[in-house]
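Numbering of ligands and ligand atoms starts at 1, following listing order.
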Amino acid sequence: MANSKTYLITGGAGFIGSYLCEALLKEGHNVLAIDNLATGKFENINQLIENPKFQFIRGNILNTSVMDRLASQSDIIIHLAADVGVQLIIKHPVHTIENNIKGTEVVLKNTLRYGCKTIIASTSEVYGKGSSIPFKVMDNVILGSTLKSRWSYAASKMIDEFLGLAYHTEFSSDVTSIRLFNTVGHRQISRYGMVIPKFIEQSLSNKPITVFGNGEQSRCFCDVRDVVRAIVSLSHRIDIAGKLYNIGSTKEITINKLAHLVKKLTNSK
Ligand code: UDP
């Protein structure tokens, strides 16, 4: 393939990362995937290991010599590795805040050193308490008190966005951030509290479905394959540096309706 590029995917064995690696290999690119397998799983990428264009490195993105070597071989970095989910940050706040910010620092230093194009994954959590729909990247942001540790996840991702955009402004680095909304698909696990796999698991074992609050809060769930299609097509564009994108579905469902849907589709009691 004439336009074949080398991509470095951090968090490549994660739920979204593994689909991304697959899509890029399908387009004929070379893929280097690094993952410490803390939340990612080797099974997610097992089917890719035989592909000569794929290389998996089990390692930590804070390991600067490994990251330096990988970035030096790459044209494009897609930085997905992070401690994800509000549940995890409440349990391990120091580790999560430090990891999310330091990891992005390491990535961006290499972006600058090797002139890679870089896409940094952020999160819709950054919209905080925002309620004007649809969420726009120019919206003002209201987060909760710093006494509530859950907000540190959004804040750490905001710092990542700021840092990426700062590299663009100050050093003309080719950096873009993407705010990922609720994503769903195979390989997503319930362990970190994600609602759909959790409801399905509860439903299949005929346990009560745990709807939080009054259940009238709503979310838009996007198929992971569509999310990945958006990321890949952004990575091909030459006009995205210094910009910020939302990636998600626009089809809304309340959590109550979702619970009923899961119950029905799984034929649960
Ligand atoms: N939720 C729920 N029961 C659960 C897990 C989640 O009612 O067991 C709700 C949660 O309160 C939220 C929605 O489902 O309103 C989506 O939760 P998730 O953690 O998947 O994503 P996020 O809140 O980050 O959008």
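Residue, atom and distance of the protein heavy atom nearest to atom 7 (O) of ligand 1 are Phe212 N, 2.7 Å. At the top of the distance list for atom 20 (O) of ligand 1, counting protein heavy atoms only, stands Val195 N, 2.8 Å. Of the protein's non-hydrogen atoms, the one nearest atom 24 (O) of ligand 1 is Glu125 OE2, 4.0 Å. Ranking the protein heavy atoms by distance from atom 25 (O) of ligand 1 puts Arg219 NE, 2.6 Å first.
At a heavy-atom distance under 4.0 Å, atoms from both the backbone and the side chain of Thr210 approach ligand 1. Heavy atoms of Ile196 found under 4.0 angstrom from ligand 1: none, in either backbone or side chain.
Between Gln202 and ligand 1, no N or O atom pair is found at a separation short of 3.5 Å.
Under the 4.5 Å side-chain criterion, counting only non-hydrogen atoms from C-beta, Leu165 is not in contact with Phe162. Using a 4.5 Å heavy-atom threshold, the side chains of Ile89 and His95 count as separate.
Every atom of ligand 1 is numbered from 1 in the order shown, and the set under 4.0 Å from a heavy atom of Gln217 is 11 (O), 15 (O). The ligand atoms of ligand 1 that sit less than 4.0 angstrom from a heavy atom of Val211 are 7 (O). The contact set between ligand 1 and Gly193, taken as ligand atoms under 4.0 Å from a residue heavy atom, comprises 5 (C), 19 (O). Residue-ligand proximity, Asn182 to ligand 1, at heavy-atom distances under 4.0 Å covers atoms 21 (O), 22 (P), 25 (O). In the vicinity of Met194, heavy-atom distances shorter than 4.0 Å reach the ligand 1 atoms 20 (O).
Electrostatic pairing of Asp68 and Arg113 counts as a salt bridge here, judged by a charged N lying under 4.0 Å from a carboxylate O. One finds no salt bridge joining Glu22 and Arg229 here, because no Lys/Arg side-chain nitrogen approaches an Asp/Glu carboxylate oxygen to under 4.0 Å.
At least one heavy atom of Phe199 sits closer than 4.0 Å to an atom of ligand 1.
In this structure, the side chain of Asn256 engages the main chain of Asn214 through a donor-acceptor pair within 3.5 Å.
Here Glu50 pairs with nothing under the side chain to side chain contact (heavy atoms under 4.5 Å, CB included) rule; sequence neighbours left out. With sequence neighbours excluded, no residue forms a side chain to side chain contact (heavy atoms under 4.5 Å, CB included) with Ala166.
Atom CD1 of Ile238 sits in a sparse spot, with 12 or fewer heavy atoms from other residues, nucleotides or ligands closer than 6.0 Å.
The side-chain tip of Arg225 does not point at the ring of Tyr19 from less than 6.0 angstrom away and within 45° of straight on.
For atom 13 (C) of ligand 1, the nearest non-hydrogen atom from the set Asn256, Ile255, Thr254 belongs to Ile255.
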